[in-house]
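Just below is one structure, and these are the notes that go with it.
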Amino acid sequence: MNDNISDRKKGRSFLLFAMAIALGCLWTYSTAFHAFDDDEFQHTNVAWLMHRGERPYADFFEHHLVLYHGMAAPLFRLGEGRAMIFVFRAISLLAAAGTLFLLYKSGRRLGASQRGAGAGIWLLGLTPMFLLKMTEARPEVPAMLAFAGAVWVLTGVPAASAGSGGRRMPWKPVSVGLLAALMALLSQKYAVVAVALLVAVIFLHGRRHAGWAGIAFLVALAGYAAWMVAMGVARDAYELTVLLNLRWLHSFSAAGYGAELFLSAGALVVTGVLGIFMAGDASKRRHRAALAVLLAGSIALIAIIPVPYRQSFLPLLAVLGVGSMLFCTSLLQAVGAGPGAGSPVLATVAVLLLPGAASLRALPGHLAAGNHGDLERMAALDEFAPEGPVFDGRALMFWRPHVGYHAFMHEEILLMIEHDELLEGVDEYAGDVIRGLYDAGLPPLIRDYRVKDMPVKIQIFIEEYYMPTGIEDVYGAGVRRERLRPGRETGIEIPVDGHWRLRWQGGGLSVNSRDVASGETLFLSAGEHVFQASGLVYNIRIERDYAPQ
């Protein structure tokens, strides 16, 4: 009898281990191969700039908190090539693994069985929205690790008797306060959920210890503020991360992502909500009430912030994951009670899990949108322009130096620049960008969709001074002329000092009285140069040569 029980326990442990390995392989594959998000390059670029000693807000534009970027900056001691994006993603993968582990332990503390907790983790881990965002290079991933750590601490706290305020040492509430602050400082959009963590302490400890948690939270925020003062950017940081974001003009509804969430993770949503409000150990009612507060805070986050992208749903998914563990445990207990008790439950759950099939169906499509194309473009750019900066809207900037005070541009920031007195306005911004391009020697330009949304003045400049290179969306500096009249001197303006390759069709050509051959590269200083054709010369292209000479 005891041997059979022991064998069953070993079988369950082996199954859980195998499930963890399979999930780990899937997440590792996502880390290595799933498509890059533009935000990844913004965040890694900021970390790279801080590694070089640039000060956020003062030396370059940023409207996020920069704790993540400052912590990640030393990673660039390993190198600055395109492989660094995977170093950042690997850090995210480790943080994601820690998040899943802490959520699993939290579910176990709330009474979930091994199999129930494992099932909840699987439902969470197979949710495309959670899997993809947690394997990207973004500050929300370590913020989620801090959140999971706070939940783990909360679930290990014995609930204080009503109105007692608690008599224990306050290190656990203090830990929750510090982790809540860390979560908010890593990703400022999570400040709403961080406050929900502090409220959850009230349900378990009472108001006195919640006060300790709040003090710890404020002390951590003060530490960050002191860091900004030490860098000499406190006023700029306040204007760009607080005042500017309060005047954010762009917004959209979360309904679309909410529909995507239910279609791809319906089983997690349903089982998570039922687990929080209906299932679980009756002695853990106050813990489940704390979970309900976190659920409400996660929903409030999505409702309050003006642009709730997929990463805004991560805390909600994590809380639902813990609730799902409790529901799956209750389900397994009902099934184990016998055929008569289990059959109605199985029929109900079969209906609940139908939406979850969409998650498995959608996941391959998300993973199939790989990053091979971007890596190929990086390699092609390395060959075309081995050194120096690359200008783009946000696409691949971090792996090469970027140009200008505004490190990236998109519709929302363009609206803020246009309407906010804290910034210089669209015309001044366009002038800054063009001056930055000149100062950098007209570097290669990736004309991604964000560049195409830049002000008209920048578009006109690109049309006049850039031309396609043959690499997708990549433009190099160049001057074009349809034809030159034979025997007549023509002045052509070269915009910046550098090596320029001349190509044309037809007769001969001289530059500054020197005969040149088509395909030859010359060093030409900025200014006007005298071109003279002998015979019909047409389709003239004077292209910037970015290779070291």
| D382 bridged to R82 by N-O distance under 4.0 Å | yes
| Electrostatic pair E387-R400, nearest N-O below 4.0 angstrom | no
| field | Between E80 and W48: side-chain donor-acceptor atoms closer than 3.5 Å | value | yes
| message | Donor-acceptor check, side chain of E62 to backbone of H64, threshold 3.5 angstrom: yes or no? | response | yes
| request: Kindly compute the distance separating CG (L93) from CE (M134), expressed to the nearest 0.5 Å. | output: 9.5 Å
| query | Angle class for the F76/F398 ring planes (parallel below 30°, perpendicular above 60°, tilted otherwise)? | reply | tilted
| task | Locate the shortest heavy-atom distance separating R55 from G232; write the atom from each residue and the value. | result | NH1-O, 3.7 Å
| request: Only counting residues at least two apart or in another chain, list the ones meeting ring-ring contact (aromatic ring centres under 6.0 Å, His included) with F130. | output: W27
| Taking NZ, NE, NH1 and NH2 as the nitrogens, is one of them in R138 or D39 under 4.0 Å from a carboxylate oxygen of the other? | yes
| query | When rounded to the nearest 0.5 angstrom, what is the spacing between CD1 in I540 and CD1 in I492? | reply | 6.5 Å
| Residues forming a salt bridge (Lys or Arg N to Asp or Glu O under 4.0 Å) with E482, sequence neighbours excluded | none
| task | Kindly determine whether R77 and H51 satisfy side-chain contact (heavy atoms from CB on, under 4.5 Å), including the steps that lead there. | result | CA-CA 8 Å; R77 294 176 183 173; H51 166 69; 4.0 Å; yes
| task | Test V530 against T490 for side-chain contact (heavy atoms from CB on, under 4.5 Å), laying out the working first. | result | CA-CA 6 Å; V530 177; T490 303; over 6 Å; no
| Pair H529, E493: side-chain N/O donor-acceptor within cut-off below 3.5 Å | no
| Residue pair L442 / F461: nearest heavy atoms and the distance that separates them | CD2-CZ, 3.8 Å
| request: Could you pull out the closest heavy-atom pair between G519 and R501, with the gap in Å? | output: O-CG, 3.6 Å
| query | Is the backbone N or O of Q42 less than 3.5 Å from a side-chain atom of R394, with the two atoms forming a donor-acceptor pair by type? | reply | no
| said: Whether the side chain of N245 engages the backbone of T241 through a donor-acceptor N/O pair (distance < 3.5 Å, no angle test) should be reported. | reply: yes
| query | If you look at every heavy atom in Y68 and P142, which pair is closest and at what distance? | reply | CD1-CG, 3.7 Å
| task | Give a yes or no answer on whether the side chain of D448 reaches the backbone of V451 with a donor-acceptor pair at less than 3.5 Å. | result | yes
| Around Y257, counting heavy atoms of other residues, nucleotides and ligands shown, do more than 12 lie under 6.0 Å from its OH? | yes
| message | Assess the residue pair L414 and M454 against the criterion (side-chain contact (heavy atoms from CB on, under 4.5 Å)); give the C-alpha distance rounded to whole Å, side-chain angles, the decisive distance to 0.1 Å, and a yes or no. | response | CA-CA 8 Å; L414 188 60; M454 287 184 178; over 6 Å; no
| request: State whether the side chain of E40 and the backbone N or O of A137 hold a donor-acceptor pair below 3.5 Å, judged by distance alone. | output: yes
| field | Heavy-atom pair with the smallest gap, counting every atom of I305 and S312 | value | CD1-OG, 3.1 Å
| said: Between Y546 and F384 (judged by ring centroids, cut-off 6.0 Å), do the two rings come close enough to count as a pair? | reply: yes
| Under 3.5 Å, side chain of R377 to main-chain N/O of I446, donor-acceptor pair present? | no
| message | Using modelled atom types and a 3.5 Å cut-off, is there a donor and acceptor pairing between side-chain atoms of D545 and backbone atoms of H499? | response | no
| task | Would you check if the side chain of Y57 reaches a backbone N or O of H63 as a donor-acceptor pair within less than 3.5 Å? | result | no
| said: Given 3.5 Å as the limit, does a donor-acceptor pair link the side chain of T127 with the main chain of M129, or not? | reply: no
| message | Going by salt bridge (charged side-chain N to carboxylate O under 4.0 Å, His left out), E463 matches just one of R480, K452, R447. Which one? | response | R447
| said: As a quick check of understanding, evaluate side-chain contact (heavy atoms from CB on, under 4.5 Å) for V66 and W227, giving each step before the final call. | reply: CA-CA 11 Å; V66 292; W227 181 37; 4.2 Å; yes
| said: Do D38 and R450 make a side-chain contact, defined as non-hydrogen atoms from C-beta onward lying under 4.5 Å apart? | reply: yes
| Around E54, counting heavy atoms of other residues, nucleotides and ligands shown, do more than 12 lie under 6.0 Å from its CD? | yes
| query | Would a 4.5 Å heavy-atom cut-off, applied to side chains only, mark Y438 and Y465 as touching? | reply | yes
| task | Compute whether any side-chain donor of one residue and acceptor of the other, for D37 and Y309, lie under 3.5 angstrom apart. | result | no
| query | Is it true that a side-chain atom of S518 and a backbone atom of W504 form a donor plus acceptor pair closer than 3.5 Å? | reply | yes
| S30: side chain to side chain donor-acceptor pair (under 3.5 Å) partners, not counting sequence neighbours | H34, T135
| field | L123 versus S324, closest heavy-atom pair with distance | value | CD1-OG, 3.3 Å
